[in-house]
Each structure stands twice: as C-alpha cells, then as structure tokens.
Amino acid sequence: YDIETLRFLAVNDAALQHYGYSLEEFLSMTIKEIRPAEDVPLLVDTIAKLGSGLRHSGRWRHRKKDGTLIDVEVMSHGIQFGTHPARFVLVSDVTETQRTLEALRRSEEKYRDLFENANDAIFIVDSALRYVDVNNKAVELLGYSRDELLAMRILDLIPPEQVPRSSQEFEKLRNRGAYEKFVGK
C-alpha cells in the first residue's frame with residue numbers, strides 16, 4: 001500500500017480469493033476499508049509509528065467483501081514501489097487458530113472445574129509415581145496441603161511394610177503396558 005494515501009498498490013491472487021474482492025475493487029480501496037470502523041484510529045496511529053524496516057504490527061481484524069470479520073497477523077516492510085514510498089504487507093488469517101485456542105481454553109476451564117470440584121479424590125502422577133496434580137478432595141481426604149502432596153510420590157503415602165509389594169504391583173503394571181495408561185503417559 002501507498003504510505004501517503006494508504007491505497008492498495010498491488011494484491012496477490014491469494015488475497016483476492018481469500019477476501020473476495022476483484023483486483024479492480026482492491027486497487028480502488030485503502031487499507032482502512034478492510035478494517036472495522038472502530039479499528040481505524042488505532043490503525044492510523046500504528047502506521048504513523050512504523051519505520052522503514054520489518055515490523056510485526058500485531059493482530060488485527062479485517063473485513064472480507066461478504067462482511068465476515070477475520071483475525072489476522074500482520075508483518076510489513078517499507079519498500080519503494082515504483083515512485084511510491086510503500087509498505088509490503090504479509091497477512092496471515094489466524095481466525096481458526098483463535099477459535100481453536102478459545103475452544104481449548106473453555107474445555108480446559110471445564111476440565112479444571114470438574115477436576116477441582118469432583119466428589120472423589122483425583123491424583124495425577126508421572127512415570128516416577130510423583131504427584132503432578134491433585135484435586136481439592138484429595139487434599140481434604142489426605143490432610144496434606146496441595147504443595148506437600150506435589151512434593152511426594154505415591155509410595156510416600158503407603159505404609160512402609162506395604163511399599164515392597166506396592167512397588168512390585170506398579171512394576172507389573174509397567175511390564176504389561178498398563179502402567180502408561182495408569183500414569184497418563
């Protein structure tokens with residue numbers, strides 16, 4: 001785009017296909033026109049601060065021809081385009097990535113809520129039988145703080161006379177391949 005007018009000077013086929021505009025439409029527009037109106041003041045401010053080098057100007061919202069808003073990551077670099085001082089811009093649509101991350105965050109919140117508020121004690125251990133996480137019910141049931149439990153191994157809570165037998169049982173699980181399922185590997 002032209003630095004002074006903010007008009008598109010060239011657009012590749014991928015942008016035409018993705019945004020839904022024809023080449024003629026794109027070349028008659030400024031970069032402000034693919035942004036929601038409320039984002040334009042920040043855009044203008046950001047452009048005013050750009051130098052000539054490579055810049056990551058962050059995550060933005062763009063509007064496609066059909067009105068769909070997409071989330072994009074923008075990288076740009078100052079160039080000379082014919083007689084125009086311009087910026088070469090690389091735009092990556094991160095809309096699906098954002099949606100996936102948001103769905104993962106919500107799922108993680110649900111898991112955490114179920115884990116923390118379960119009526120049963122839940123222990124997550126690693127392959128060395130160290131506690132990796134415990135829920136509130138486990139803390140309540142065993143009488144140790146969460147930090148104390150996370151500094152322990154399963155065998156630390158087994159009566160000393162039962163440790164050899166318990167160790168053998170865990171070793172049998174490991175040898176049968178069931179151990180990895182047991183410890184969540």
Side-chain angles (χ1 to χ4, degrees), residues 1-118 122 124-128 130-136 146-147 150-151 180-181 183-185:
Y1 69 87
D2 183 297
I3 291 177
E4 294 170 10
T5 66
L6 304 184
R7 286 215 173 279
F8 289 103
L9 296 171
V11 183
N12 69 6
D13 290 340
L16 298 175
Q17 183 178 2
H18 195 70
Y19 284 83
Y21 293 103
S22 69
L23 180 59
E24 294 75 25
E25 289 171 315
F26 251 126
L27 296 181
S28 70
M29 298 166 55
T30 71
I31 63 172
K32 293 180 192 179
E33 294 174 76
I34 63 168
R35 286 0 189 244
E38 61 271 18
D39 294 359
V40 171
L42 180 58
L43 170 68
V44 171
D45 185 55
T46 300
I47 290 170
K49 295 176 184 173
L50 290 174
S52 61
L54 180 65
R55 295 287 185 260
H56 175 257
S57 60
R59 185 162 293 141
W60 294 89
R61 296 183 306 161
H62 283 184
R63 186 179 313 278
K64 295 166 80 169
K65 184 175 181 175
D66 67 5
T68 303
L69 284 178
I70 58 174
D71 295 314
V72 297
E73 287 282 333
V74 176
M75 295 285 295
S76 69
H77 194 283
I79 63 168
Q80 189 68 27
F81 189 83
T83 60
H84 302 276
R87 287 205 74 81
F88 176 80
V89 179
L90 175 64
V91 176
S92 299
D93 186 339
V94 295
T95 306
E96 286 305 313
T97 301
Q98 288 300 107
R99 286 183 187 144
T100 300
L101 289 172
E102 180 57 26
L104 179 60
R105 186 194 59 74
R106 285 191 309 270
S107 176
E108 199 170 89
E109 283 177 3
K110 285 180 190 176
Y111 157 77
R112 180 55 53 187
D113 186 52
L114 288 169
F115 179 78
E116 290 301 336
N117 297 305
I122 301 173
I124 300 174
V125 297
D126 65 13
S127 60
R130 289 182 301 254
Y131 293 108
V132 174
D133 204 356
V134 296
N135 69 351
N136 293 330
R146 181 179 308 271
D147 288 339
L150 296 180
E180 283 74 18
K181 292 176 187 167
V183 297
K185 206 172 183 184

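As the structure is a prediction and not an experimental result, all values here were calculated from the model. The figures that follow rest on heavy atoms only: side chains count, while hydrogens, waters and symmetry mates do not.
Arg112 has no carboxylate O lying under 4.0 Å from a charged side-chain N of Glu108, or vice versa, which leaves the two without a salt bridge. In summary, Asp39 and Lys32 do not engage in a salt bridge, as defined by a charged side-chain N under 4.0 Å from a carboxylate O.
The two residues Val11 and Leu27 make their nearest non-hydrogen contact at CG2-CD2, 4.4 Å. Shown here for Ser22 and Glu25, the closest heavy-atom pair between the two residues is N-OE1, 2.7 Å. Here the closest heavy-atom approach between residue Thr5 and residue Asp2 is recorded as N-OD1, 3.0 Å. The nearest pair of heavy atoms linking Gly67 to Arg63 is O-NH1, 3.4 Å.
Atom CD1 in Ile70 sits 11.0 Å away from atom CD in Glu96 (nearest 0.5 Å). How far NZ of Lys65 is from CZ of Phe26: 10.5 Å, rounded to the nearest 0.5 Å. To the nearest 0.5 Å, the span separating NE2 on His84 from CD1 on Ile79 amounts to 11.0 Å. In this structure, CG on Leu69 lies 11.0 Å from CD1 on Ile34, to the nearest 0.5 angstrom. To the nearest 0.5 Å, the span separating CG on Leu101 from CG on Asp71 amounts to 11.0 Å. Here Ile47 contributes atom CD1 and Ile31 contributes atom CD1; the two are 3.5 Å apart, rounded to the nearest 0.5 Å.
Arg59 is listed as a side-chain neighbour of Gln98, based on a closest heavy-atom distance under 4.5 Å. Annotation: side chain of Asp13 is in contact with side chain of Leu16 (closest heavy-atom distance under 4.5 Å).
Residues passing the salt bridge (Lys or Arg N to Asp or Glu O under 4.0 Å) test with Glu4, sequence neighbours excluded: none. Evaluation of the side chain to side chain donor-acceptor pair (under 3.5 Å) rule for Lys64 yields no partner, not counting sequence neighbours.
Only one option out of His18, His62, Glu73 pairs with Val91 in a side-chain contact (heavy atoms from CB on, under 4.5 Å); it is His62.
One N or O on the side chain of Thr46 and one on the backbone of Leu42 form a donor-acceptor pair closer than 3.5 Å. Here the side chain of Arg87 pairs no donor or acceptor atom with the backbone of Ile3 at under 3.5 angstrom. A donor-acceptor pair is defined here as one N or O able to donate and one able to accept, closer than 3.5 Å; such a pair exists between the side chain of Asn136 and the backbone of Glu116. For Glu33 (side chain) and Thr30 (main-chain N/O), a donor-acceptor pair under 3.5 Å exists by modelled atom type. With Asp133 contributing its side chain and Ile124 its backbone, the two residues share no donor-acceptor pair below 3.5 Å.
Pairs engaging residues 86-115 under the ring pair (Phe, Tyr, Trp, His ring centres under 6.0 Å) rule: Tyr111-Phe115 [sequence neighbours left out].
Around the CD atom of Glu109, the shell of radius 6.0 Å holds more than 12 heavy atoms that belong to other residues, nucleotides or ligands.
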